[in-house]
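Note that these values count all heavy atoms, side chains included, but never hydrogens, waters or copies made by symmetry. We number each residue from 1, following the sequence as shown.
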Amino acid sequence: QVQLVESGGGLVQAGGSLRLSCAASGRTFSSYAMGWFRQAPGKEREFVAAISWSGGNTFYADSVKGRFTISRDNAKNTVYLQMNSLKPEDTAVYYCAATVRNMYGSSWYGAGEYDYWGQGTQVTVSS
């Protein structure tokens with residue numbers, strides 16, 4: 001089992017940047033595929049980005065491709081989400097998620113494929 005704690009959220013102007021971090025407990029972090037999801041008020045939780053256990057494969061939602069970068073440091077048990085060129089529509093609570101399942105194809109994008117979740121961190125982008 002793994003526990004996840006997100007940090008790095010805040011208020012930023014449109015065009016600005018933030019870096020989210022997700023610190024994981026446990027000694028098997030490198031076994032987990034990791035993802036970032038977000039949920040805006042009144043909307044369903046949506047996929048943002050994911051990364052394989054080795055960091056060799058990354059996946060992005062079309063809405064953030066080219067602006068966001070997911071990475072991980074297995075030595076620090078941490079996954080990051082670098083967010084650049086932020087837009088007001090990026091405003092949401094951002095959640096870190098982990099899974100030990102074998103991920104392939106569209107499974108990377110589904111919230112139901114992830115077994116462990118953090119408490120979320122608020123990102124607000126002002127126009």
Side-chain angles (χ1 to χ4, degrees):
Q1 192 163 350
V2 63
Q3 293 183 326
L4 306 171
V5 179
E6 302 97 333
S7 61
L11 173 64
V12 64
Q13 288 189 332
S17 298
L18 283 174
R19 188 176 82 155
L20 305 183
S21 298
C22 173
S25 65
R27 293 174 288 180
T28 59
F29 175 73
S30 59
S31 301
Y32 291 88
M34 302 296 296
W36 286 96
F37 289 76
R38 66 187 181 187
Q39 188 166 18
K43 295 188 176 181
E44 293 186 354
R45 191 169 298 190
E46 66 173 0
F47 171 80
V48 176
I51 189 166
S52 60
W53 64 271
S54 67
N57 294 292
T58 56
F59 306 86
Y60 296 94
D62 288 343
S63 59
V64 307
K65 203 171 292 184
R67 300 188 298 122
F68 291 10
T69 302
I70 188 171
S71 62
R72 67 190 296 162
D73 186 336
N74 286 343
K76 295 182 178 179
N77 282 14
T78 303
V79 64
Y80 305 97
L81 186 67
Q82 178 67 43
M83 305 186 295
N84 298 330
S85 302
L86 283 161
K87 305 175 181 179
E89 52 263 43
D90 294 319
T91 295
V93 177
Y94 282 70
Y95 297 91
C96 174
T99 181
V100 292
R101 305 182 194 199
N102 290 323
M103 304 289 273
Y104 57 92
S106 61
S107 64
W108 287 98
Y109 308 95
E113 299 295 328
Y114 295 79
D115 301 305
Y116 305 101
W117 293 83
Q119 83 289 350
T121 185
Q122 177 70 47
V123 171
T124 303
V125 184
S126 63
S127 57

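For the pair T99 (side chain) and E113 (backbone), a donor-acceptor distance under 3.5 Å is present. For Q3 (side chain) and S25 (main-chain N/O), no donor-acceptor pair under 3.5 Å exists by modelled atom type.
Counting heavy atoms of neighbouring residues, nucleotides and ligands inside a 6.0 Å radius, atom CD of Q119 exceeds 12 of them.
Nearest heavy-atom pair, L11 versus S126, reported as atom, atom and distance to 0.1 Å: CD1-CB, 4.3 Å. Contact detail for A14 and S127: the closest heavy-atom pair is CB-CA, 4.4 Å. Closest heavy-atom contact between S52 and G56: OG-N, 3.3 Å.
Clustering of Ile, Leu, Val, Met, Phe, Trp and Tyr side chains at separations under 4.5 Å places I70 together with V2, L4, V12, L18, L20, F29, Y32, M34, W36, V48, I51, Y60, V64, F68, V79, L81, M83, L86, Y94, V100, Y116, V123, V125. Grouped by direct or indirect side-chain proximity (heavy atoms under 4.5 Å, Ile/Leu/Val/Met/Phe/Trp/Tyr only), W117 sits with F37, F47, F59, V93, Y95, M103, W108, Y109, Y114.
To the nearest 0.5 Å, atoms CZ (R72) and OG1 (T58) are separated by 12.0 Å. To the nearest 0.5 Å, atom SG of residue C22 and atom CG of residue N77 are 10.0 Å apart. The CH2 atom of W53 lies 8.0 Å from the OG atom of S31; values are rounded to the nearest 0.5 Å.
Pairs passing the side-chain hydrogen bond (donor to acceptor under 3.5 Å, both in side chains) check and including a residue from residues 79-90, sequence neighbours excluded, read S17-N84, R38-D90, R67-D90, Q82-N84.
Side-chain contact between Q122 and T124: present, with at least one pair of heavy atoms (C-beta onward) separated by less than 4.5 Å.
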